[in-house]
Amino acid sequence: MTELHPLPAVAAAARDWAAHAAALGAGVGAATRLVREEPLAAKTTLRVGGAARLYAEPASAADLRSLLRTAQARGLDVFALGRGSNLVVPDEGVDGLVIALAHEFWARFEPLPDGKLWVGAGLRLKNLCGLATQAGLAGFEFLEGIPGAVGGALRMNAGAMGSWMFDVVEAVELMTPEGEIRRVAKAELHVDYRHCEELQRAFALGALLRPASLAAAAAIGDQIAAYRRKRQESQPREASAGCIFKNPPGTSAGRLIDECGLKGERVGEAEVSRVHANFIINRGGATGAEVLALVRRVRARVREAKGVDLQPEVLLYGRRWEDVL
Ligand SMILES: Cc1cc2nc3c(=O)[nH]c(=O)nc-3n(C[C@H](O)[C@H](O)[C@H](O)COP(=O)(O)OP(=O)(O)OC[C@H]3O[C@@H](n4cnc5c(N)ncnc54)[C@H](O)[C@@H]3O)c2cc1C
């Protein structure tokens with residue numbers, strides 16, 4: 001009976017999501033956006049994948065707290081979403097509550113009297129670079145061209161041009177899944193290559209940054225322009241999620257993939273970039289399944305030819321890489 005008529009189960013699940021949405025909505029103000037079945041592909045740079053069963057853009061810390069507490073009480077999985085520039089969203093979407101700090105409330109940029117800088121987790125790195133340049137604050141130029149927001153850059157300890165996000169961080173303000181706000185000094189955080197342990201579960205709300213020095217806007221602008229040129233020469237312009245694999249110790253994932261002759265390798269509309277072998281590009285209309293199949297193929301070929309097990313840098317949203325690789 002169940003096999004022939006799966007619809008009742010689907011209807012029951014839909015009723016559950018509707019009930020979750022009602023409960024979440026009861027605790028937030030009108031400025032907070034809360035919807036069901038929000039498509040996620042367009043909210044990511046790779047542009048693949050399905051919808052979030054529940055999606056919210058809280059307009060205040062109180063609303064974020066309410067969402068987290070209600071989600072916890074109802075046993076819902078919660079996923080933070082930044083600018084989606086390091087994510088592969090599966091085609092079936094995400095069974096849980098996706099929360100994006102996309103409301104302008106989270107995009108603060110505030111130079112402080114002691115020379116430090118407060119930034120909100122929702123501030124785009126591009127805007128951080130631009131505003132710091134205008135304010136004559138040097139030290140953030142390496143972030144130019146990383147298409148994420150501050151929260152995602154903290155969670156990933158994003159890095160480029162020899163620097164890491166946590167090189168410029170003094171403290172992070174976060175909200176625990178229970179809704180408690182804490183300011184944590186850098187020394188207390190467990191930070192590594194593309195990883196910040198504490199932000200696996202907690203939400204970054206903002207960070208206290210330390211500029212390297214004061215400098216003339218023109219000089220900072222020149223450095224940013226130099227980094228931008230370097231990126232334009234070495235990275236594809238098509239939709240991607242940045243580097244797919246972490247660099248193994250002592251070598252670069254891109255070099256290994258290139259040496260295996262995999263540039264241009266395709267599954268459907270997903271392709272290993274001919275410009276940078278560690279990027280998978282979406283040639284237009286790729287699916288999440290095609291991207292995952294290509295990730296599997298590249299890993300298998302590199303393991304076979306080089307004996308190296310590449311580890312994904314990109315995050316698989318709502319699922320575990322172990323389950324699909
Ligand atoms: C063209 C291109 C170039 C890139 N170049 C670089 C590069 O040079 N260096 C580099 O390191 N990366 C690079 N990336 C990858 C990506 O931009 C970075 O990892 C970026 O920091 C991700 O930020 P995001 O806001 O897009 O996060 P998302 O992709 O939205 O999320 C990434 C992770 O962070 C979590 N997260 C997001 N916001 C929060 C929050 N507020 N609190 C807690 N967790 C949160 C998410 O749950 C997810 O686990 C590149 C990507 C592209 C597409």
Side-chain angles (χ1 to χ4, degrees), residues 40 43-49 52 57-58 61 64 68 77-89 94 96-103 105-107 119-129 141-167 172-177 184 189 191-207 227-228 230-232 234-247 254 273 275-276 278-282 312-321:
L40 293 178
K43 297 185 189 300
T44 70
T45 53
L46 185 58
R47 301 193 165 264
V48 301
E57 293 178 2
L64 174 60
L68 293 177
D77 288 329
V78 175
F79 304 89
L81 177 67
R83 304 286 303 177
S85 63
N86 205 50
L87 303 177
V88 177
V89 178
V94 177
L97 169 64
V98 170
I99 300 181
L101 302 187
H103 191 278
F105 174 80
W106 304 102
V119 289
L123 182 69
R124 290 175 66 179
L125 298 175
K126 185 179 175 50
N127 294 343
L128 166 53
C129 284
E141 300 85 307
F142 70 98
L143 295 170
E144 166 65 28
I146 303 181
V150 166
L154 292 167
R155 160 68 181 81
M156 297 306 299
N157 190 15
M161 314 293 164
S163 298
W164 281 359
M165 184 66 187
F166 274 88
D167 289 341
V172 172
E173 189 169 272
L174 53 79
M175 188 179 284
T176 65
V184 188
L189 294 164
V191 174
D192 205 344
Y193 176 49
R194 302 291 180 264
H195 188 70
C196 172
E197 186 60 34
E198 286 72 12
L199 296 180
Q200 290 255 76
R201 290 184 70 240
F203 258 80
L205 306 182
Y227 285 157
R228 189 181 300 137
K230 207 168 162 183
R231 242 175 221 283
Q232 281 167 353
S234 60
Q235 290 184 359
R237 285 160 192 243
E238 294 91 342
S240 79
C243 287
I244 290 286
F245 298 105
K246 292 182 181 174
N247 287 325
S273 164
V275 179
H276 190 317
N278 200 15
F279 280 59
I280 287 180
I281 57 166
N282 179 353
E313 170 173 329
V314 165
L315 300 165
L316 181 59
Y317 214 43
R319 294 186 65 187
R320 298 179 333 148
W321 277 115

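Whatever order the structure lists ligands and atoms in, that order sets their numbers, starting from 1.
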Exercise. What protein heavy atom sits nearest atom 35 (C) of ligand 1, and how far away is it?
Worked result: Arg155 CG, 3.4 Å
Seminar exercise, completed: Contact region, Cys243 to ligand 1, non-hydrogen atoms below 4.0 Å, reads neither
For this session: Starting from atom 5 (N) of ligand 1, find the nearest protein heavy-atom neighbour and note its residue, name and distance.
Result: Arg231 NH1, 3.2 Å
Problem set entry | Protein heavy atom at shortest distance from atom 20 (C) of ligand 1 | Ser85 OG, 3.7 Å
Seminar exercise, completed: atom 12 (N) of ligand 1 has as its nearest protein heavy atom Ile146 CG2, 4.0 Å
Can I get a per-line list of side-chain donor-acceptor pairs under 3.5 Å for residues 197-204, giving both atom names and the distance, sequence neighbours left out?
residue	atom	partner	partner atom	Å
Glu197	OE1	His195	NE2	2.8
Glu198	OE1	His190	N	2.9
Glu198	OE2	His190	N	3.4
Glu198	OE2	His190	ND1	2.5
Gln200	OE1	Arg155	NH2	3.0

Problem set entry | Sole residue of Arg231, Arg124, Lys126, Arg228 in salt bridge (charged side-chain N to carboxylate O under 4.0 Å, His left out) with Glu144 | Arg228
Exercise. Should Arg83 be counted as touching ligand 1, given the test is an N or O pair under 3.5 Å?
Worked result: yes
For this session: For the pair Cys129 and Leu143, evaluate side-chain contact (heavy atoms from CB on, under 4.5 Å) and give the outcome as yes or no after the intermediate values.
Result: CA-CA 7 Å; Cys129 284; Leu143 295 170; 4.0 Å; yes
For this session: With heavy atoms under 4.0 Å as the rule, classify the contact between Arg194 and ligand 1 as side chain, backbone, both or neither.
Result: side chain
Seminar exercise, completed: Closest heavy-atom approach to atom 30 (O) of ligand 1 among Gly145, Gly82, Ser163, Gly206 is made by Gly82
Exercise. Quick one: nearest non-hydrogen protein atom to atom 33 (C) of ligand 1, plus distance?
Worked result: Leu315 CD1, 3.5 Å
Exercise. What residue and atom, counting heavy atoms only, is the protein's closest point to atom 42 (N) of ligand 1, and at what distance?
Worked result: Ala204 N, 2.8 Å
For this session: Could you tell me whether Leu101 and ligand 1 have an N or O pair separated by under 3.5 Å?
Result: no
Exercise. Would you say ligand 1 has an N or O under 3.5 Å from any N or O of Gln235?
Worked result: no
Problem set entry | Protein contact of atom 38 (N) of ligand 1 - nearest heavy atom, named by residue and atom, plus distance | Gly152 N, 3.5 Å
Exercise. With a cut-off of 4.0 Å, which atoms of ligand 1 are near a heavy atom of Ala202?
Worked result: 43 (C)
For this session: Could you name the option among Ala207, Ser240, Gly159 that has the heavy atom nearest to atom 7 (C) of ligand 1?
Result: Gly159
Exercise. Counting heavy atoms only, which of Ala80, Ala239, Pro147, Ala121 comes nearest to atom 2 (C) of ligand 1?
Worked result: Pro147
Problem set entry | Residues, nucleotides or ligands: over 12 heavy atoms within 6.0 Å of Arg83 CZ | no
Exercise. Which residue holds the protein heavy atom closest to atom 53 (C) of ligand 1, what is that atom called, and what is the gap in Å?
Worked result: Gly242 N, 3.3 Å
